[in-house]
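Because only heavy atoms are used, hydrogens play no part in the values below, and waters and symmetry mates are left out as well, while side chains stay in. Letters A, B, ... are given to chains in the order of the sequence lines, protein chains preceding strands, and every chain is numbered from 1.
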Protein chains: 2
Amino acid sequence: MATIYEVSELAKVSLATVSRVMNGNTRVSEKTRDRVLCAMKELDYRPNSIAQSLASNRSNCIGLLVSEIHGPFFGQMMSGVETELRAAGKHVIITTGHSEEDKEKDGIEFLISRNCDAIILHVEAVSDEYLVELSKGKTPIYLISRHVGELPDNCISLDNELGGFIATQSLIEKGHRNIAYLAGPQYKADAIARLQGHKRALSENNIAINEKLIFEAEFKEQGGIEGLRYFLQGKAAFSALVCANDEMASGAMTYAREHNLHMPKDLSVIGFDNVVFAPHLYPKLTTVDNPVNKMGSMAAKLVLKDVYQQEQHDIQQLFEPSLIMRDSVAEFS
Amino acid sequence: MATIYEVSELAKVSLATVSRVMNGNTRVSEKTRDRVLCAMKELDYRPNSIAQSLASNRSNCIGLLVSEIHGPFFGQMMSGVETELRAAGKHVIITTGHSEEDKEKDGIEFLISRNCDAIILHVEAVSDEYLVELSKGKTPIYLISRHVGELPDNCISLDNELGGFIATQSLIEKGHRNIAYLAGPQYKADAIARLQGHKRALSENNIAINEKLIFEAEFKEQGGIEGLRYFLQGKAAFSALVCANDEMASGAMTYAREHNLHMPKDLSVIGFDNVVFAPHLYPKLTTVDNPVNKMGSMAAKLVLKDVYQQEQHDIQQLFEPSLIMRDSVAEFS
DNA sequence: TTGTAGGCGTTATCAG
DNA sequence: CTGATAACGCCTACAA
């Protein structure tokens with residue numbers, strides 16, 4: 001593999017000049033530039049990115065921590081980050097945190113030790129304080145789908161309250177008034193906000209909040225099953241069910257079918273996130289789209305702008321969810 | 001950030017000695033080692049991985065090329081690779097090929113230019129010849145879910161023929177004899193092998209092959225829809241449908257339902273791959289498990305063994321699929 | 001067992 | 001605009 005030195009010899013210029021034409025920041029005369037370019041071509045020269053990193057104190061790699069590498073939600077997110085960053089010639093190192101505090105911290109350590117120029121995090125278990133502390137370190141951090149008050153410029157988040165509102169509002173517009181709400185764990189910020197949105201929709205439509213129609217469970221299939229079982233055993237009637245995410249919705253739908261509830265005739269169901277399997281469910285799940293892919297690419301743009309000083313327009317830090325209508329919701333009759 | 005030099009000063013030894021205790025390959029006396037370790041701890045020393053790479057000509061990073069970063073299938077695969085490699089302190093750079101020749105080559109170039117110590121590929125569009133040529137380069141390559149005759153030691157693959165056989169055989173054992181087969185694109189090796197397995201199952205059970213009950217389509221939902229429409233319009237009767245992958249199965253199931261075919265009563269359906277949404281389908285899809293996660297981790301082990309000379313036992317290059325029974329197949333009556 | 005010194009391929013800071 | 005030359009932080013013969 002040819003080195004910059006060989007190129008300089010062939011082009012009869014100094015090392016420095018070759019470096020200059022590569023980086024293009026300093027002016028080089030037309031002729032010498034051409035000579036250098038020719039020499040590079042002839043030798044099929046490729047810069048050694050590691051040597052560049054060492055000399056420039058830049059690794060050109062960005063760390064990305066997600067809860068799980070598999071899983072539909074994170075797939076979209078990673079995809080957004082990678083596409084954007086690769087186009088800029090940067091590379092992405094992906095690792096996992098499994099939503100557990102120790103593992104998240106461990107993953108962050110790993111990424112920092114790899115000399116990443118910045119790290120993009122989707123962390124759930126770690127505290128705000130920890131993140132604030134972390135942000136004082138040498139490696140810049142960016143957060144996806146989480147808002148930390150002290151780090152307003154480093155967060156990309158979703159308006160979960162609005163999402164919760166939209167879901168319930170859409171049901172009300174279809175004539176439903178007795179709406180059960182299956183909430184996510186109330187120590188997670190997004191789960192809290194979604195529930196608030198639901199309550200706001202009820203209030204704005206003058207529907208009293210019935211605590212018996214609210215149940216908290218895990219963001220998983222099993223949570224959906226437990227939730228619907230709870231509501232069905234209760235004495236409060238309801239014609240629609242809002243689930244705080246699609247996995248819960250999937251579980252609830254399975255349970256509903258096993259109990260001979262026809263959807264959407266007997267029960268309308270709406271989810272949240274619009275993960276890949278949502279359109280595969282039966283009936284196809286109406287849900288609130290969570291633009292994770294865009295949020296991922298936006299986090300990447302933020303890094304490009306802050307860390308690499310690349311011009312970026314249209315930086316957007318708060319995203320809005322939108323309704324995806326499919327077949328799991330019917331007009332109330 | 002402390003450097004090796006500062007550590008050496010504090011421990012009153014030379015640079016070389018510090019380097020030795022880090023790498024642990026050369027013998028160092030107990031006392032000096034302790035002194036060095038103490039100094040490292042005191043300074044909170046972290047080796048600069050980039051400098052290590054430059055000096056040792058190792059980047060400690062492995063490139064991974066998949067068709068799509070999102071997508072259930074690849075999620076499992078990436079996850080397998082990452083887990084194994086991270087445990088070994090290596091890092092993974094992931095990029096995409098989108099099943100298009102140009103993009104796959106481009107992605108490979110990208111990875112090589114990043115100085116990866118090895119690259120693990122899941123490529124579909126690129127030719128065997130290209131891969132053989134590529135393997136002669138400086139960067140070792142490993143293939144997942146593909147078998148190239150000339151590179152027997154660098155391939156991790158699935159016995160697709162056996163998978164095809166298992167699927168059809170399981171149906172036959174349930175009493176089905178008129179079995180439609182929805183094949184994948186017959187320029188893809190796995191699609192071809194799966195179909196062969198199907199035919200072998202028929203032969204071994206003395207069932208004549210009816211060409212009217214074989215249809216080729218894309219490995220997607222749409223392919224499933226087209227396939228079932230074709231079979232339904234044909235005059236050949238059938239009680240079961242084998243799909244060459246789960247996405248096709250999903251499409252076929254949607255189409256079946258729209259045409260009032262009750263599953264599994266009127267029609268048994270079986271898929272292939274066991275992707276995440278398979279258990280979410282209605283009815284829950286019976287399918288052939290494709291152990292991509294294990295294959296990913298095995299590819300990583302192969303790299304650890306070949307490239308980093310780490311002892312590895314239980315290297316396995318050919319994997320066997322297995323049947324996952326759920327609710328989409330019924331006894332023929 | 002330990003130390004010395006040269007080098008890995010670039011970038012960046014000076015002069016010229 | 002161009003050329004020396006010193007970093008960058010670590011590894012690894014070679015010597016001692």
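Note on A:Thr17: a side-chain N or O is less than 4.0 Å away from OP1 or OP2 of D:dG3. Contact annotation: B:Tyr45 reaches the phosphate of D:dC10 (side-chain N/O to OP1 or OP2, under 4.0 Å). Not one side-chain nitrogen or oxygen of A:Asn57 sits closer than 4.0 Å to the OP1 or OP2 atom of C:dT11. Note on A:Thr32: a side-chain N or O is less than 4.0 Å away from OP1 or OP2 of D:dT2. Taking only side-chain nitrogens and oxygens, A:Ser29 comes nearer than 4.0 Å to OP1 or OP2 of D:dT2. Distances shown here put a side-chain N or O of A:Gln52 below 4.0 Å from the OP1 or OP2 atom of C:dT11.
Heavy-atom contacts from other residues, nucleotides or ligands closer than 6.0 Å to CG of B:Asn57 number 12 or fewer.
A salt bridge does not link A:Glu311 with A:Lys305: none of the charged nitrogens is closer than 4.0 Å to a carboxylate oxygen. Taking the charged nitrogens against the carboxylate oxygens, B:Asp128 and B:Arg146 do have a contact shorter than 4.0 Å, which makes a salt bridge.
If B:Ser14 and B:Leu54 are placed on DNA chain C by their nearest nucleotide, the residue sitting closer to the 5' end is B:Ser14. Map B:Ser49 and A:Arg33 each onto its nearest nucleotide of DNA chain D; the residue landing nearer the 5' end is A:Arg33. Between B:Ala51 and B:Lys12, the residue anchored nearer the 5' end of DNA chain C, judged by the nucleotide with its closest heavy atom, is B:Lys12.
For B:Arg46 against D:dG9, a side-chain-to-base donor-acceptor contact under 3.5 Å is absent.
The aromatic rings of B:His91 and A:His91 sit tilted relative to each other, their planes meeting at an angle between 30° and 60°.
The OH-C1' distance, from A:Tyr5 to C:dG9, rounds to 13 Å in whole Å. Counting to the nearest Å, the P atom of D:dC8 and the CG atom of B:Leu15 are 13 Å from each other. Rounded to whole Å, the distance from CD on B:Glu9 to P on C:dG3 is 13 Å. If you take CE of B:Met40 and P of D:dG9, they are 17 Å apart, rounded to a whole angstrom.
Base contact: B:Ser19 has a heavy atom under 4.0 Å from a base atom. The residue B:Val13 sits close only to the backbone: its heavy atoms come under 4.0 Å of sugar-phosphate atoms, none of a base.
Annotation: cation-pi geometry not satisfied between B:Lys188 and B:Phe219 (NZ/CZ under 6.0 angstrom from ring centroid, within 45° of ring axis).
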